[in-house]
Amino acid sequence: MKVLNLGSAEIEKALISPASVFDIPSEVVESKALAKLLKIEILKRWELDARALLRATEENMGGGETSQIDAVNDALSELDPDGEAFADFGKAPTKL
């Protein structure tokens, strides 16, 4: 984990850019400082970032970093196996 103590500032930062606080998605799952719904929200935001990176890579605009989409999906499945929490999160179209 990039940040050892998760205070309100670090949690706010994780909601904006999860990868700036956590090295891998499973660290979100293992965090004792976060409630389950907050973990899911952070992972959903990480999923949006990972999908954006995949789109950029498909369009030859990637910056060399690898998407963690599989690790994010595994972490989400562990916390929310039925995918019911935040079911409508990120449903807006991202591409025309």
Side-chain angles (χ1 to χ4, degrees):
M1 188 174 343
K2 295 176 182 167
V3 176
L4 298 178
N5 297 319
L6 287 180
S8 59
E10 291 78 21
I11 292 171
E12 197 64 36
K13 186 176 179 182
L15 287 167
I16 295 168
S17 175
S20 69
V21 177
F22 299 98
D23 290 320
I24 55 175
S26 63
E27 288 180 351
V28 178
V29 175
E30 296 165 4
S31 174
K32 304 276 189 244
L34 301 171
K36 181 180 177 179
L37 285 177
L38 190 54
K39 291 177 183 183
I40 293 169
E41 183 173 355
I42 289 169
L43 288 167
K44 286 290 202 176
R45 291 173 189 247
W46 204 333
E47 178 187 28
L48 291 176
D49 292 346
R51 290 186 187 284
L53 180 59
L54 285 174
R55 280 191 308 279
T57 302
E58 287 173 359
E59 296 171 359
N60 294 322
M61 296 186 306
E65 60 279 21
T66 58
S67 172
Q68 295 213 28
I69 192 71
D70 292 334
V72 170
N73 286 335
D74 290 345
L76 280 168
S77 292
E78 186 176 335
L79 287 173
D80 187 22
D82 298 323
E84 293 176 359
F86 299 98
D88 292 332
F89 188 90
K91 292 288 185 180
T94 57
K95 224 177 178 182
L96 297 176

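What you find for K39 and L34 is that their closest heavy atoms are CE-O, 3.1 Å. Here the shortest heavy-atom pairing between V29 and E78 reads CG1-OE2, 3.4 Å. S20 and S17 make their closest contact through OG-O, 2.6 Å (heavy atoms, listed as atom of the first residue, atom of the second, distance).
Hydrophobic clustering (ILVMFWY, side-chain heavy atoms < 4.5 Å, transitive): W46 and L54 are in distinct clusters. Each of L15 and I24 belongs to its own hydrophobic cluster when Ile, Leu, Val, Met, Phe, Trp and Tyr are linked at side-chain heavy-atom distances under 4.5 angstrom.
Contact annotation: the side chain of I11 never approaches that of V21 to less than 4.5 Å [non-hydrogen atoms, C-beta and beyond]. Using a 4.5 Å heavy-atom threshold, the side chains of L6 and F22 count as touching.
Distance check: L43 CG to E41 CD gives 10.5 Å after rounding to the nearest 0.5 Å. If you take CG on L76 and CD1 on I42, they are separated by 11.0 Å, rounding to the nearest 0.5 Å. For the atom pair CD (E47) and CD1 (I40), the distance works out to 12.0 Å, reported to the nearest 0.5 Å.
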- Task: Report the C-alpha separation of L53 and D49 in whole Å, then their side-chain angles, then the decisive distance to 0.1 Å, and conclude whether the side-chain contact (heavy atoms from CB on, under 4.5 Å) test is met.
- Result: CA-CA 6 Å; L53 180 59; D49 292 346; over 6 Å; no
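Of the possible donor and acceptor atoms, none in the side chain of E30 sits under 3.5 Å from a partner among the backbone N and O of E27. A donor-acceptor pair is defined here as one N or O able to donate and one able to accept, closer than 3.5 Å; such a pair exists between the side chain of N73 and the backbone of I69.
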